[in-house]
**Student:** 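Mind having a look at this structure? Questions to follow.
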Amino acid sequence: QVQLVESGGGLVQAGGSLRLSCAASGRMFSGYSMAWFRQASGKEREFVAAISWIGSSIYYEDSVKGRFTISRDNAKNTLYLQMNSLKPEDTAVYYCAGRTSQFYSTRASEYGYWGQGTQVTVSS
C-alpha cells in the first residue's frame, strides 16, 4: 500500500496562491491515479481535481478550472496542487487520495488511500 502526507497549506489572502504537495511512500507511486478532495467545515468532502497514473489525463471540478493545476512527479513520488486566485470559498481541509488504477475517479469512495489533510484558509 501507499502512505500519503500532505503539506503546503496555510493562511492566505483572497487572490493569493498556495502550492500543496502530497508525498507518497510505500508501493510504486506511478501505479496509482491520484486526486485532491476538500472538505469545508460542516460540509461533505468534495472532489477538486484528479490525474491519471502517468499524468496523461486530468480533470477539474468546475469551480477550480482555470485557477488550480494538478500535477505529479513520479520520479519524486509527489502529487501537487497549484492554487491561484484563491477565494474565501476555497477554505477547507485538502486531502490527497490514491487508487490502484490507471484511471482517475471523481468519487471519494473509489479511493482507498488518503492523507491526513492540510488546512487552507483564505481570508477576504
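Both backbone and side-chain heavy atoms feed into the values below; hydrogens, waters and symmetry mates do not.
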**Student:** Measure the shortest side-chain to side-chain distance between Asp90 and Met83 over non-hydrogen atoms and say whether it is less than 4.5 angstrom.
**Tutor:** no
**Student:** Would you check if the side chain of Asp73 reaches a backbone N or O of Lys76 as a donor-acceptor pair within less than 3.5 Å?
**Tutor:**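 Here the side-chain-to-backbone pair exists.
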**Student:** Once rounded to the nearest 0.5 Å, what's the spacing between atom OG of Ser124 and atom NZ of Lys87?
**Tutor:**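 Reported value, rounded in 0.5 Å steps: 14.0 Å.
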**Student:** Any side-chain heavy-atom pair from Val93 and Thr118 closer than 4.5 angstrom?
**Tutor:**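 Result no, sub-4.5 Å side-chain heavy-atom pair not found.
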**Student:** Would you find a donor on one side and an acceptor on the other, under 3.5 Å apart, between the side chain of Glu44 and the backbone of Gln39?
**Tutor:**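 Not at all, since once roles are kept as given, no pair shorter than 3.5 Å links the two residues.
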**Student:** Would you find a donor on one side and an acceptor on the other, under 3.5 Å apart, between the side chain of Ser33 and the backbone of Phe103?
**Tutor:** yes
**Student:** Start with the C-alpha gap between Arg45 and Tyr95, add the side-chain angles, then the distance that decides, and say whether side chain to side chain contact (heavy atoms under 4.5 Å, CB included) holds.
**Tutor:** CA-CA 9 Å; Arg45 191 168 298 188; Tyr95 299 89; 3.5 Å; yes
**Student:** Show the nearest heavy-atom pair for residues Val5 and Gln116, with the distance to one decimal.
**Tutor:**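 Taking every non-hydrogen atom into account, CA-OE1, 3.7 Å.
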**Student:** Is it the case that one hydrophobic cluster holds both Val48 and Ile58, taking links as side-chain heavy atoms less than 4.5 Å apart, direct or via other members?
**Tutor:** yes
**Student:** Show every salt bridge (charged side-chain N to carboxylate O under 4.0 Å, His left out) that has at least one partner inside residues 103-124, sequence neighbours left out.
**Tutor:**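 Sorted pair list: Arg99-Glu110, Arg107-Glu110.
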**Student:** Check whether any side-chain heavy atom of Asn74 sits under 4.5 Å from a side-chain heavy atom of Arg72, and report yes or no.
**Tutor:**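 In contact.
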**Student:** Do you know which two heavy atoms are closest between Ser71 and Leu79, and how far apart they sit?
**Tutor:** O-CD1, 3.3 Å
**Student:** Testing the basics here: between Ala24 and Leu4, what is the closest heavy-atom pair and its distance to 0.1 Å?
**Tutor:**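 Between these two residues, the closest heavy atoms are CB-CD2, 3.7 Å.
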**Student:** Do Gln102 side-chain atoms and Trp53 backbone N/O form a donor-acceptor pair below 3.5 Å?
**Tutor:** no
**Student:** Applying a strict under-4.5 Å side-chain criterion to I, L, V, M, F, W and Y, I'd like to know whether Tyr59 and Val64 cluster together.
**Tutor:** no
**Student:** Please collect all ring pair (Phe, Tyr, Trp, His ring centres under 6.0 Å) contacts where either partner lies in residues 7-39, sequence neighbours excluded, each pair once.
**Tutor:** Tyr32-Tyr113, Phe37-Phe47, Phe37-Tyr111, Phe37-Trp114
**Student:** With clusters defined by side-chain heavy atoms of hydrophobic residues (ILVMFWY) lying less than 4.5 Å apart, directly or transitively, does Ile70 cluster with Val120?
**Tutor:** yes
**Student:** Keeping the roles fixed (side chain from Arg67, backbone from Gln82), state whether a donor-acceptor pair exists under 3.5 Å.
**Tutor:** no
**Student:** Could you give all pairs that pass the disulfide bond (SG atoms under 2.5 Å apart) test and reach residues 71-124, with sequence neighbours left out?
**Tutor:** Cys22-Cys96
**Student:** Where do Tyr94 and Leu81 come nearest, in terms of heavy atoms and distance?
**Tutor:**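 Heavy-atom minimum between the residues: CD2-CD2, 4.2 Å.
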**Student:** Phe68 and Arg38: which non-hydrogen atoms are nearest, and at how many Å?
**Tutor:** CE2-NH1, 4.1 Å
**Student:** Is the closest basic N to carboxylate O distance between Asp62 and Lys65 below 4.0 Å?
**Tutor:** yes
**Student:** Nearest 0.5 Å, what's the OG-CD distance between Ser63 and Glu89?
**Tutor:**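 Reported value, rounded in 0.5 Å steps: 8.0 Å.
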**Student:** Treating Thr121 as the side-chain partner and Leu11 as the backbone partner, does any N or O pair qualify as donor plus acceptor under 3.5 Å?
**Tutor:** no
**Student:** Tell me whether Arg19 forms a cation-pi arrangement with Tyr80, defined as NZ or CZ under 6.0 Å from the six-membered ring centre and within 45 degrees of its axis.
**Tutor:**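 So Arg19 does make the cation-pi contact.
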**Student:** Distance from Ser17 atom OG to Leu86 atom CG, nearest 0.5 Å?
**Tutor:** 6.0 Å
**Student:** If I compare all heavy atoms of Thr78 with all of Ser21, which pair ends up nearest, and what's the gap?
**Tutor:** CG2-CB, 4.3 Å
**Student:** Flag the pair Gln119 / Thr91 as yes when at least one side-chain heavy-atom distance between them is below 4.5 Å, and no otherwise.
**Tutor:** yes
